[in-house]
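Here's the structure we're looking at; comments come further down.
For the numbers below, each heavy atom of this structure counts, side chains included, while hydrogens, waters and symmetry mates do not. Bear in mind the structure is a predicted one, so any value in this text is a computation, not a measurement.
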Amino acid sequence: NLEANLSPRVLEGSCFAAMQEELESFVSQVRDAAANHGAQVALTGILPTLSKSDLSLENITPRARYYALNDAMHRASKGAFRLRIQGTDELMIEHDSVMLEACNTSFQVHLQVAAEEFASVYNAAQAVTGPVLAAAVNSPLLFGRRLWAETRIALFQQSLDTRGTDLHMREVSSRVRFGGSWILDSVVELFQEDVAAFQVLLAQEVTEDPLEVLDRGGIPKLQALQLYNSTVYRWNRPCYGISNGKPHLRVECRVLPAGPTTTDEMANAVFWIGAVLGLARQCEDLCERLDFDDIKGNFLAAARYGLKANFRWEEGQVMSATGLILDQLLPLAESGLRRQGINDRHIERYLQVIEDRVATGQTGAQWALDSLERLQGIRNRT
């Protein structure tokens, strides 16, 4: 997984070109390392060649935090981790660790916002996530089965589901979730909701008293909150941090898949950022114009069907994914980026990638399915 942190105050000029250059440098380092082992690198949300045998704890990233998280998740789930995903095919398996989650590879974008703007920006992010995901889907295959257009969504939610099998436990929210309502005033609403809903999985020594730090005029790190927040997986997750001595809030978009190229990843990120900023500024009454249940349904429809999905938008109007993206969200994203001073050439470059995808229906998911069909045809002929 790669993460990119962007602040609206530095979204100007050629920042996206610099970001892609840095991204390509990282990918180049990975390709060089892979070549030393006779391997190649594929940028994709789920690697089609993965098998269940690859997901042993022998292959976990050797960090104490990941072992501790696996142990905590295992205790909380009180049994095996189960997957049941229905698409064109059906997949039902059990596994003994959280390594099922390791099938997922995402390109996570962090958008930094001012505290007073957080509610409007976060709500806008929730609203556009479904349509943006529809244009970005890239993971239709898992263990050889044809499942959702973006199977990562179902896989991640189920692979980290610690609720157990009792019926009363199924009524509790999953740690991986979209959310259940708009927020009204501030990020505090999200943190309060999560703390009330989920037990602590990991703990560490806390070296500060936040109230004492505030009394001294300092800035608390909120160590306990940051660790706790890292074990709650909203698809648009609120994040608190300190950069250059200043506290800040971010919206972390966790839905975008890796690949199929660095240009595609950048186009997805630029589209999401532009649509979020454009909608937040254009629709101050967003919560009145859009029904949250419709927005949540749009997200699930996008994950299942990609560009073949239908969405409910303003006043419950039903629109095709292609129509909503081409007619409303791409112009909205363009205006949001221009208002931030982004270079017109870079806006056109990345949004054109999205427009071409949507107009032709050729997302990464469709490419993967077409490749599978070609491979099966070759096997049948031989």
Side-chain angles (χ1 to χ4, degrees), residues 45 85-90 123-142 145-158 176-182 234-236 253-257 264 267-268 271-272 274-276 278-280 282-283 285-334 336 351-370:
I85 307 174
Q86 178 74 54
T88 302
D89 302 320
E90 185 177 29
N123 287 335
Q126 293 281 76
V128 305
T129 290
V132 171
L133 176 61
V137 290
N138 189 24
S139 309
L141 302 171
L142 177 60
R145 309 293 176 85
R146 298 164 297 171
L147 302 171
W148 291 13
E150 190 55 36
T151 303
R152 283 176 46 256
I153 303 304
L155 170 60
F156 191 62
Q157 181 159 333
Q158 294 184 31
V176 180
R177 59 187 179 141
F178 185 79
S181 63
W182 302 116
R234 291 180 182 267
W235 289 109
N236 286 308
C253 177
R254 302 176 55 81
V255 306
L256 300 177
D264 286 299
N268 294 337
F271 182 30
W272 180 77
V276 169
L279 187 63
Q282 178 174 301
C283 300
D285 57 345
L286 177 66
C287 300
E288 299 174 7
R289 297 170 64 173
L290 297 174
D291 185 276
F292 188 86
D293 287 344
D294 288 341
I295 295 305
K296 187 173 183 178
N298 292 346
F299 170 68
L300 294 173
R304 286 180 179 270
Y305 306 114
L307 290 175
K308 295 179 181 179
N310 288 322
F311 297 142
R312 289 191 177 274
W313 204 239
E314 294 185 54
E315 299 179 354
Q317 178 186 7
V318 178
M319 303 183 67
S320 67
T322 56
L324 178 59
I325 293 169
L326 293 175
D327 297 340
Q328 296 193 33
L329 292 188
L330 279 173
L332 196 66
E334 182 178 350
L351 294 188
Q352 187 65 52
V353 172
I354 303 298
E355 183 175 347
D356 290 346
R357 264 196 236 148
V358 175
T360 62
Q362 290 297 312
T363 62
Q366 188 59 52
W367 179 87
L369 291 173
D370 291 345

Do any N or O atoms from the side chain of [X] and from the backbone of [Y] form a donor-acceptor pair under 3.5 angstrom?
X      : Y      : answer
Glu315 : Arg289 : no
Arg152 : Val255 : yes
Trp148 : Leu141 : no
Thr151 : Ser139 : yes

[X] [atom1] to [Y] [atom2] distance, which is reported to the nearest 0.5 Å:
X      : Y      : atom1 : atom2 : result
Asp89  : Leu142 : CG    : CG    : 11.0 Å
Lys308 : Thr322 : NZ    : OG1   : 12.0 Å
Glu314 : Glu288 : CD    : CD    : 12.0 Å
Gln126 : Leu290 : CD    : CG    : 12.0 Å

Can you find a pair of side-chain heavy atoms, one from [X] and one from [Y], that are under 4.5 Å apart?
X      : Y      : value
Asn310 : Met319 : no
Trp272 : Asn236 : yes
Ile153 : Trp235 : yes

Requested in this report: Would you please test Ile295 and Phe178 for side chain to side chain contact (heavy atoms under 4.5 Å, CB included) and show each step?
Outcome: CA-CA 10 Å; Ile295 295 305; Phe178 185 79; 3.8 Å; yes

Query raised in the report: Which pair of non-hydrogen atoms, one from Gly306 and one from Ala149, has the smallest distance, and what is that distance?
Result: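 Residues Gly306 and Ala149, closest heavy atoms: N-CB, 3.5 Å.
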
Query raised in the report: Ala127 and Leu279: which non-hydrogen atoms are nearest, and at how many Å?
Result: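 In terms of heavy atoms, the two residues are closest at CB-CD2, 3.7 Å.
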
What residues form a side chain to side chain contact (heavy atoms under 4.5 Å, CB included) with [X], not counting sequence neighbours?
X      : value
Ala321 : Ala134, Leu307, Phe311
Cys287 : Asn123, Trp182
Arg177 : Ser173, Glu193, Asp194, Phe198, Arg234
Ala136 : Leu256, Pro257, Asn268, Arg357

Query raised in the report: Got a sec, which pairs hit side chain to side chain donor-acceptor pair (under 3.5 Å) with one end in residues 290-307, sequence neighbours left out?
Result: none

Could you go through residues 325-334 and list every donor-acceptor pair under 3.5 Å that involves a side-chain atom there, pairing it with any protein atom two or more places apart or in another chain?
residue : atom : partner : partner atom : Å
Gln328  : OE1  : Trp313  : NE1          : 3.3
Glu334  : OE2  : Arg338  : NH1          : 2.1
Glu334  : OE2  : Arg338  : NH2          : 3.2

